[in-house]
Amino acid sequence: MAREAIYQQSDPERKSGEQSSSAAGADGASPHDGADSVEGQVPKTRPDADGKLRPRRMDEMVGQRDVIERLKIAIDAATSRSEPLGHILFDGPPGLGKTTFATVIPNEMNTSVQMANGAGLRAPKDLLPYLTNVSEGSVLFIDEIHRVPKAVEEYLYTAMEDFRIDVVLGDGVNARTLNLELKPFTLIGATTRAGMLSAPLRDRFQIREHLGWYTRAELAEIVHRNAKKLSVVVDDGTADMIADRSRSTPRLANNRLLWVRDYAQSKADGKFDREITRAALDMIGIDELGLDKQDRNYLDTLMRVFLGGPAGLDAIAHTMNVSSDTLEDEVEPFLLRSELLVRTRRGRLATPKSYEHMKRPMPDI
Ligand SMILES: Nc1ncnc2c1ncn2[C@@H]1O[C@H](COP(=O)(O)OP(=O)(O)OP(=O)(O)O)[C@@H](O)[C@H]1O
Ligand SMILES: [Mg+2]
């Protein structure tokens with residue numbers, strides 16, 4: 001298949017769906033970690049607080065022990081051979097640490113990182129500034145790598161495998177191809193949808209790691225560590241309560257902690273215990289299983305409009321006026337894991353447990 005050329009002229013129209021970040025030790029917040037979250041979704045941690053709470057070294061990270069152990073071995077081996085680390089792909093649901101790993105690894109290797117977003121790399125030329133900027137052993141992080149279009153992806157193949165790209169200079173009869181050598185670098189890709197990655201791209205990552213949900217104890221530890229960073233005192237019971245209501249997700253634990261801190265500051269001189277925490281989380285609609293308004297809205301729609309199902313994802317999404325991607329990525333994984341929902345071939349089905357949780361009678365069938 002003929003490849004589209006990368007043209008060398010710069011494009012002043014280049015949109016900034018991506019972001020270049022400077023050397024190790026930079027804040028490391030991903031470009032989409034700010035306020036622009038999907039409609040109806042719990043907002044990602046505020047960028048200022050996010051920078052403060054995000055671990056900077058592997059040892060500050062909680063959980064994911066197996067992943068950390070394997071990465072440490074790979075980093076040790078690459079460092080002792082003075083070679084760049086092999087390309088790494090992280091996949092897993094949002095808020096579990098993909099971007100955190102991508103910022104911690106360059107810190108561990110004492111190298112710099114550039115941050116791009118797959119959605120921002122719309123044409124091969126969008127890759128060029130990143131690839132020509134890589135220094136020996138540095139990291140290029142492409143978040144949401146499943147959104148990289150095919151034409152751009154094909155340039156990544158030679159860049160990843162042979163550390164070179166072919167640049168076309170000029171056009172028409174004057175066009176000539178320049179074979180550009182790149183410094184050996186490490187590509188770190190992150191995706192919430194590994195299944196959408198093509199096999200050739202997936203296979204070019206030497207290391208592939210799936211990030212799984214966090215336990216209650218791990219989340220409680222994250223709450224304790226971050227409370228310290230925020231200079232607030234949190235007792236064990238309170239940390240457990242925040243952990244229980246955080247859907248096994250560090251980002252949500254951080255969001256909950258930040259909200260409870262704000263609430264306590266305004267209502268209780270900054271001090272908080274289980275009672276204050278419960279009141280603060282009730283106020284934003286987070287219940288004792290950690291479900292938020294959107295989760296309950298999903299279950300309510302499924303029970304009220306579709307009589308508990310089976311109902312198709314698109315039909316539920318249309319009724320709720322939310323994209324089906326959002327439901328599939330942000331809402332369903334935790335409902336499925338919590339046994340509040342099952343996916344059958346005929347559609348989504350509410351479980352007896354979810355009727356009990358929503359305090360609704362099971363329909364007679
Ligand atoms: N293992 C961990 N230990 C401590 N804190 C963590 C860990 N993983 C994630 N966090 C916290 O959770 C926040 C969200 O994590 P991160 O941004 O890395 O998620 P992500 O997987 O990149 O999500 P998305 O798919 O939405 O981009 C981080 O800012 C960090 O504070
Ligand atoms: Mg991320």
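Note: hydrogens, waters and symmetry copies are ignored here, and every other heavy atom, side chains too, is used. In listed order, ligands and their atoms are each counted from 1.
- For Q294 and Y298, the side-chain atoms include no donor-acceptor pair closer than 3.5 Å.
- Less than 4.0 angstrom separates some heavy atom of P250 from each of these atoms of ligand 1: 6 (C), 8 (N), 9 (C), 10 (N), 11 (C), 12 (O).
- A donor-acceptor pair is defined here as one N or O able to donate and one able to accept, closer than 3.5 Å; no such pair exists between the side chain of S138 and the backbone of S112.
- Other cluster members for V173: none, since no ILVMFWY side-chain heavy atom sits under 4.5 Å from it.
- Remark: ligand 1 atoms within the under-4.0 Å shell around heavy atoms of T100 are 9 (C), 15 (O), 16 (P), 18 (O), 28 (C), 30 (C).
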Should H146 and T192 be marked as a side-chain contact (heavy atoms from CB on, under 4.5 Å) after you check the CA-CA gap, both sets of side-chain angles, and the distance that decides it? CA-CA 8 Å; H146 60 273; T192 47; 3.9 Å; yes
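- In this structure a side-chain-to-backbone donor-acceptor pair under 3.5 Å is missing from S246 to T249.
- At a heavy-atom distance under 4.0 Å, atoms from both the backbone and the side chain of P94 approach ligand 1.
- Summarising the contacts of atom 2 (C) of ligand 1 with L53, N255, D329, V62, the nearest heavy atom is found in V62.
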Evaluate D59 against K72 for side-chain contact (heavy atoms from CB on, under 4.5 Å), listing each step before the verdict. CA-CA 10 Å; D59 290 342; K72 276 188 171 164; 3.1 Å; yes
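- Polar contact check, Q64 against ligand 1: no nitrogen or oxygen pair lies under 3.5 Å apart.
- Contacts with ligand 1 closer than 4.0 Å are made by side-chain heavy atoms of N254 only, the backbone lying farther away.
- Considering backbone and side-chain atoms alike, M61 places every N or O at 3.5 Å or more from each N or O of ligand 1.
- When heavy-atom distances to ligand 1 are checked against a 4.0 Å cut-off, T192 comes that close only through its side chain, counted from C-beta outward.
- Of the heavy atoms in Y214, only side-chain atoms (C-beta onward) come closer than 4.0 Å to ligand 1.
- When heavy-atom distances to ligand 1 are checked against a 4.0 Å cut-off, T99 comes that close through both its backbone and its side chain.
- Within the 3.5 Å criterion, the main-chain N or O of A119 finds no donor-acceptor partner in the side chain of E144.
- At least one N/O/S atom of T99, whether from backbone or side chain, sits less than 2.8 Å from the Mg ion (ligand 2).
- Taking all heavy atoms of R54, K52, K229 into account, the minimum distance to atom 17 (O) of ligand 1 is reached by R54.
- Within the structure, the closest approach of A190 to ligand 1 does not fall below 4.0 Å when heavy atoms are considered.
- Residue I142 forms a side chain to side chain contact (heavy atoms under 4.5 Å, CB included) with just one option from L156, L89, I188, and that option is L156.
- For the pair G97 and ligand 1, the shortest N or O to N or O distance falls below 3.5 Å.
- Using modelled atom types, one side-chain atom of D273 and one backbone atom of I276 make a donor-acceptor pair closer than 3.5 Å.
- Not a single heavy atom of G63 sits less than 4.0 Å from an atom of ligand 1.
- Remark: side-chain polar atoms of D300 are not paired, donor with acceptor, to backbone N or O of R296 under 3.5 angstrom.
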